[in-house]
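Worksheet: the structure to be examined is printed underneath.
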Amino acid sequence: MSLLTVNDLKVHYPIRGGFFRKVVDHVRAVDGISFELQPGETYGLVGESGCGKTTSGRALIGLNKATSGEMLFEGKDLAKMGKAERRGYTKDIQMIFQDPYSSLNGRKNVLSIIAEPLRNFERLSPKEELLRVQELVARVGLNPESIYKYPHQFSGGQRQRIGIARALALNPKLIIADEPVSALDVSVQAQVLNFMQEIQKEFDLTYLFISHDLGIIQHMCDRIGIMYRGRFVEEGTASEIYNNPQHVYTKRLIAAIPEMNPEKRFEKMHLRQSINEEYQTEYNNYFDKDGRMFDLKKISDSHSVAMQ
Amino acid sequence: MLKFILRRTLLMIPQLILLSLIIFMLAKAMPGDAVTGAFMGNPDATPEQIEKIREKFGLNDPWYQQYGRWIGKAVKGDFGQSYTHQQPVTTLIAGRVENTVLLSLFTAIMIYLMAIPLGIIAGRWTDTWADKMIVTYNYFAFATPLFVFALLMLFLFSFVLGWFPIGGTVDIRIETGTWDYVVSRAKHLFLPVMSAALIGTYATIQYLRNDIIDQKIKDYVKTARAKGVPEGKVYTRHILRNSLLPIAAFLGYEITGLIGGSIFIESIFSYQGLGQLFLQSINLRDFTVVTALVMIFGTATIVGTLLSDIILSIVDPRIRIE
Amino acid sequence: MKKPVLDIKDLRTSFRIKGDYYAAVDGVTLTVHENEVVAIVGESGCGKSALALSIMGLHDHKNTKLEGQVNFGDENLLSLSRSRLNKVRGKDIGMIFQDPMTALNPLATIGRQIEEPMDYHMKLSASDKKKRTMELLRRVGIKNEQRVYEQYPHELSGGMRQRVVIAIALACDPVLLLADEPTTALDVTIQAQIMDLMKELQNQMKTGIILITHDLGVVAEMADRVVVMYAGEVVEIADVKELFENPLHPYTRSLLNSIPSNLEAKEKLHVIDGIVPSIQNLDREGCRFAPRIEWIPEEDHEKNPEMHEATPNHFVRCSCYKTFYFPEDRVGEREYVATNS
Amino acid sequence: ACTGKDEKDGAGEKDTSKDPGKDTEQTEDGEDAEEVEEDPNAGLDFPLTVTNTGDPIEGGELNFGLVSDTPFEGTLSPVFYSGAPDADVMSFFNESLFAYDGDYLITNDGAATYEVSDDNKSITIKIGDNVNWHDGEPVKASDLLYSYQLLGHPDYTGTRYTFMISNVEGMPAYHNGETTEISGIEVSEDDKTITITYTEATPSLLSGIWANATPRHHVGDVMTGEVTMEELAASEKIRTSPIGFGPFKVAKIVPGESVLYERNDDYWRGKPQLDSIVLKVVSSASVLEALKKGDIDLSSVPVDQYLNAKEIDNIELLAKVDLAYTYIGFKLGKWDAEKKENITDPNARLADKRVRQAMWYAMDNETIGKELYHGLRFPGTTLIVPVFASFHDASIETPTYDPEKAKALLDEAGFVDVDGDGFREDADGNELVLNFASMSGGETAEPIAQFYMQNWADVGIKVQLLDGRLHEFNSFYDQVEADDPKIDIYQGAWGVGSDPDPSGLYGRTAAFNYTRYTSEKNDELLAAISGEQSLDTDFRAGKFKEWQELMVDEVPVAPTVFRYALTAANKRLTNYSIEPGTDLRLWQWGVTE
Amino acid sequence: MKNPVLDEKQLIAQEKLNNPSFMRTIWREIKHDKMALGSLILLIIILSTAYLSPLFIDNAALTRVNFLNTWKPPSATNWLGTDDGGRDVFGQLMLGARNSFTIGIAVTVLAGLIGLTYGLISGFYGGAIDNVMMRILEFLMVLPTLMFIIVFVTIVPNYNVFTFILIMSAFYWFGKARLIRSRALQERELDYINASKTLGTPSWKIMFFEMFPNLSSLVIVNMTLSLAGNIGIETGLTFLGFGLPAGTPSLGTLISFARNPDIVQNKWWVWLPAALLILVMMLCINYVGQAVKRASDARQRLA
Ligand SMILES: Nc1ncnc2c1ncn2[C@@H]1O[C@H](COP(=O)(O)OP(=O)(O)OP(=O)(O)O)[C@@H](O)[C@H]1O
Ligand SMILES: Nc1ncnc2c1ncn2[C@@H]1O[C@H](COP(=O)(O)OP(=O)(O)OP(=O)(O)O)[C@@H](O)[C@H]1O
Ligand SMILES: [Mg+2]
Ligand SMILES: [Mg+2]
């Protein structure tokens, strides 16, 4: 059984306007996406800025209300849960945030940051709590002494580890990582990515990994969903997506990855140009007359594309 | 854009209604009503007589009916009768409104005339001696209560030096409408205006200086410099436009401040304006006048903020598209 | 050999922090030729922007000390008066800033902002200016230029704004273009477009470009020559092919190894320990990268390391490159214990 | 009887009294010089007339300072005005038909002459032929009638429908709207003579008769429906272009601030000396500066600035004893609005007159007068001010500062300090704490209130300020008038007008009898004072004496101080006098070079 | 690995050393700015004199009227002379400074609390709640505050220091609420708030224990600066006669003597010290406040 099944999830934000600030329209931030997460895998959500990646993640964790659709976590629909019931699942789904600077409360020391979920869900004596936190801190590779330090005394990568330790405190099953490294320097990025892979094995975690960096997604993910304007344009395993992109948007996205081999740069440029042309000419194969993507169609067991 | 202005103007209506409701409640809470006014000092009035008149004035109706009547009249400019002055409040206020408007207007003008250049100088040449002097002046402007300053100005310039009249709005001997009349008015206005303005520059200078300092390091300023825009033009064309914009937005709140100030200023300089009238009426418990004045001043600030918003919407393209 | 347009000699930019000056750009020597793209790479805080701003004279004068020479044509930009400098900025040298969201004046129309440098550097009639502006807008790939001309920055998307910023930089046909991370704030697809656009423009206009970035992918796509900076110093200079094929300096090599797309999926990435030192606590005597490669013995580093020409036109600083190796290549997995806490 | 006036006690003299009763013109006249000598502070010898006897110049201009911290309201009609500042403004252009002598009685030297009928019930008034309104219209008898018609009108909301009006025959019927004619008033054929008949003969006639005419043609006629009463009260004709038949006419008014008067060449007594008068409102704080700078030539001077005023070289100080007294009132009952009379409560906290006497003995008014007012105020004695020489009884022994006596009285009354906290408890051992209401205003109000409370504390009576603060004039009187149960004692002041009859202030049916003190004896004496028998002055004086004695014994109120009113005149002022019944009138005032 | 449990106290002490709290930053900033340091010292001197004065000044004697001793110029017994009631001006000055300052503090704190709560709630929830709360606030902000206060002062039945504080506080929290709200709105977008939400922390806890500490420097800065303003308003109202009840001296009471030119010139000791004291106090608070403000903004810090 899959850990999480998302069915036709929609998140719409109202646009107010006109004379009485009525809701005149909606931003269809997420407009009907469906996917499944298998236990232990890393699922990548990728797409350009504003395509609704964050919104999807936030809907799953409960920071946004889903407008419609199902989010079945171990068979139970998160969308239909009341506040209290939902709280029970807080332990199971956790999040790693993009910005390691703003995701830690600068006014609290590491101990209270990491202990926050413990205090909410477990009644521990201060001693027990201290031990648990020290354990976690040690696990994410920080010096146990650092629990009395404050976030500003750590580097970006270290901070991100503190955030991860906090997410791990409740032994979650699913971790949603929204651009966990894009605020970090290349060198530090590597550190965090390596570490995420390590703990995944150790804690048997499932990741929903959100990023706009195709390089990182390729590096991290087993399966990938490409999002565009709130919908999926293509879904498949990493190699299917990278080696055999079907949707013109996916192609465009992949072509946009800078070429690391200077010799091939003109090739790449021409590739981009030709994909652009394809985009123009074959637009109608990929988008309906309203400019909306078609629904996903399976082209193989694991690979589906939004095409007519 | 027109739509924005219209919407913003319509938004004013509930504000005004709320204001009038609050004031109406306050008026109800104040001791005395129209009848008390009529019978002030007439010990011969019997309770039946008073009751009859209460009935006649509709003071026994439910509050919303009374409110409806009151607001209905107020909209037409009828705020009832002042019982110390035995004349319609509207007449009473009309006689003074010009004075207060003049005072506030010139104060506002003076404030901007002084504060904007000073704020710009201080913001542009931070940490120079000029900036330090301006900042020090500004600290003093902040720290000196308006009434203390006004008292000292009055004492120094009217009593000791005798340069300006001690009080009033105009010399009665001068023919209305002549040039001398204007001069006389100006002479009477000068001290009150300057006292209020010299102290009132604080917020504007402070704001402008800080904002210019903030704007200076913005990227778009770097872009401008990178274009080869001469330093002076960087300020006039780029920084100042951005910094001065919110000053327009302050206008509305400035009005609130000026009203507060006018109470002190008019009282200290015996200047016949609405602020002084307010104080006197409060002291004489002439609550019909008080109510009307609060309503008028409240409306003035609401309209002031409306104006600010409209001005802002016109000069700021980011708001313009709505 | 192509004609050099910009010749930086031993540039040192120091900032005053609590009364003392600390160099953020520490003795950079660099030449940019006509029709050449020189990329400057390095982690955040290496002094890339500080260098670019020094060239343009955009630093806050009161708290910055500039030493050395920035020769442009036959003038040293560092010793020019403000007004002389203003004759050069925007005309001969254009600059593109990183964040198109903030680089435009929110209160002026796009048209005005593009025309502004023409006001100061070209004698053009209003209609000529407008014509030229339209032309520029078209050239940077804006199709509905009539409309954009009248619009305000907030009405445009990020990619469009960056195009406008480029148009401004190109307004007076500069000989040299300084681009400080022109694509970092943009989406991958837009980044690709902008890169293509810049390449195209460069091909047409033959300007020299200094391209500042921390993205080695961008470097690989755009640059002719690459300058790797670390802690205010240039640590390696080479032609782009040479650099990617044969990186020498440990820093360059580490950087290249930490990029995920360069490796097979799921393989461990290389991690550079520690962080770029801040300019205040920087050991300026030894090899500045030494603290981050502690496994390399001290004696392998130079004292006051110099640039060496390792192969023709490939310069590298400090001799440690000769003995550098990646520990994971030798010792398997490393424990993730942070070193600088 | 005559109504008294609430008067604000305090140096500020923010006189906004609700019912000043009489014209200022009348109150400006004072008492005889001899009476001043009777005063304990006779050493303060102020002149009543300016010493400058130089010849006035032609075309002189006088600057009059109206000392008030509130501007004049500008209701410039004797019928409708309410504030004292308005009275001051009116005094320059409007005059009463009669002139008054030093005893505040009408004379035949005014614009009209009179004759009283033998039964003392009616008076015939004849208006001089050359008396014309400022617009040239002659002053008619029907103009005086108009005043009566307005005052008695059912729609009239002002406060001057007093005894001397309602006493006119037929007035009550007119007042109730039963008729439109006032049967007691008759106007002659030529409209120059008017006869007013009263229901009751009263000794107050010669001092209390209403004699201000209203220019019917100018302001409009309420009787014909030309204007309504409400419109009239708000009319421009009263507010900005009023007319009278006084020596000066209003040329221009800056509302609330200043008035420019021009000479009325057609004045019935002759051409006034001054060309113009400028009246300016000056605050009590700045009046001395204005005098010193010569900005104003003439003004009253707040008592608390006396010492500084003395130092000013270019002015001369004139003074006379004021028709007013300050007092401490003891709340003894309630006003019964149904019955319209005062009900004394025998169980009032201060019902024991010994306590009231003790409190009088405890007050050190001498110090206040001497130290605070430098002799311009002196301890009050009886409730008839010494100005009324024939009625004031100086021989009555009244309490003076004597704390020991006060303590003895309190002991006797059973108020002793049983718990040793320095304050006395009543016979049942309950703590006695009195609430004291006092008015704010003027710089001396607060220290004086504190001082009295200390005085009382010294003899063991704990007194605290009502609500812990001084009360503003209007709310003070509102509370006192409403018999707020929180008030035990209060400090008030009465301006007594020109008629000494105290019925309006102390009678059983007098609403102004704020202490609500009543007694059979009091009723009897007051009735006698205003009764027909009192047309005999000796009889009246006897009753006055008895009444004064009664009041000193019963102490419903304890007079605290009598006062001098100070006037400052620039030394260039000539032909100016504040003497009552003086021959130097407004039209003769002048200035020298 | 080392034994993770270390001596806790030692750790905390060590931590205090390398993480300067906001208070320490303020102190560093003040130490660095001579004006601010001088101001702080002066303020402490003034206030401690004022607050400790009851120890050596007899309060009852201070309010005792003595007409034999009015308007005495400064002397050895009356350091600043006496007023119209013969009362010692110096004592009244101290008492007035104490009253004015206490009221200033009380109003600042109370208004601060109201504004903080309002702003936090509005900013934290955002959306419709914020919309409604902001409309209300916008409306309140355009009320002619001073007039309303004066009206309230005159109509409250039981007027005393406490009601005065309540009335003033009721009208001086609007700006704070708006300021807090706008910062709270920004703050709520930050991930640490989202993190707390996803960790199951209840909203009120997030508001007051997560968000508030991050706004505390803003609150402190704003409170310091509005303290001066509130003292000014109190003295102003008292000057107009709508402030502290009679018998409760305030600096405004003493300054109101200056309405009379004679007193301004010839009896300067009554009003001038009060006027100077208030000026000095406000200046000091402002200098300290500006230093606090700089401390809260790393970019502006001098130290
Ligand atoms: N609170 C909101 N109200 C209205 N619209 C919103 C809101 N939040 C997001 N949106 C809109 O929803 C769309 C999707 O936003 P989202 O943040 O999910 O994109 P994203 O894929 O995460 O982009 P990025 O890579 O920039 O983070 C965008 O168009 C955005 O403008
Ligand atoms: N005005 C300044 N005052 C003090 N220090 C500065 C200033 N500007 C930059 N620095 C410091 O100089 C160093 C180099 O900064 P610079 O902005 O040039 O780095 P960068 O390589 O451009 O980094 P990024 O990739 O983040 O833009 C940094 O340590 C920075 O903190
Ligand atoms: Mg996102
Ligand atoms: Mg940079």
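Lettering of chains follows the sequences in order, A, B, ..., and the numbering in each one begins at 1.
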Pick one of side chain, backbone, both or neither for [X], based on which atoms fall under 4.5 Å of a heavy atom in chain E.
| X | answer |
| --- | --- |
| B:Phe149 | neither |
| B:Leu151 | side chain |
| B:Thr305 | side chain |
| B:Leu26 | both |
| B:Leu146 | neither |
| B:Leu293 | both |
| B:Phe278 | side chain |
| B:Phe159 | side chain |
| B:Phe155 | side chain |
| B:Val294 | both |

Atom pair [atom1]/[atom2] of [X] and [Y] - distance to nearest 0.5 Å:
| X | Y | atom1 | atom2 | answer |
| --- | --- | --- | --- | --- |
| E:Lys293 | E:Leu218 | NZ | CG | 10.0 Å |
| B:Leu154 | B:Leu191 | CG | CG | 7.0 Å |
| B:Ile302 | B:Leu16 | CD1 | CG | 4.5 Å |

- Message: Check this for me: does any side-chain nitrogen of one of E:Asp33 and E:Arg294 sit under 4.0 Å from a carboxylate oxygen of the other?
- Response: yes
- Show your reasoning for whether salt bridge (charged side-chain N to carboxylate O under 4.0 Å, His left out) applies to E:Asp83 and E:Lys267. CA-CA 9 Å; E:Asp83 70 354; E:Lys267 289 152 191 157; over 6 Å; no
Look at [options] and state which one has the largest set of heavy-atom pairs under 4.5 Å with chain B.
| options | answer |
| --- | --- |
| E:Ala228, E:Gly232, E:Gly236, E:Gly241 | E:Gly236 |
| E:Leu225, E:Leu240, E:Val280, E:Ile231 | E:Leu240 |
| E:Leu140, E:Leu146, E:Thr235, E:Val142 | E:Val142 |

- Message: Using heavy-atom distances under 4.5 Å, tell me whether E:Met141 contacts chain B through its side chain, its backbone, both, or neither.
- Response: both
[Y] versus [X], side-chain donor and acceptor atoms under 3.5 Å:
| X | Y | result |
| --- | --- | --- |
| E:Glu234 | E:Ser100 | yes |
| B:Ser243 | B:Tyr207 | no |
| E:Asp130 | E:Ser122 | yes |

- Would you please classify the geometry between the B:Trp163 ring and the B:Phe157 ring as parallel, tilted or perpendicular, with 30° and 60° separating the classes? tilted
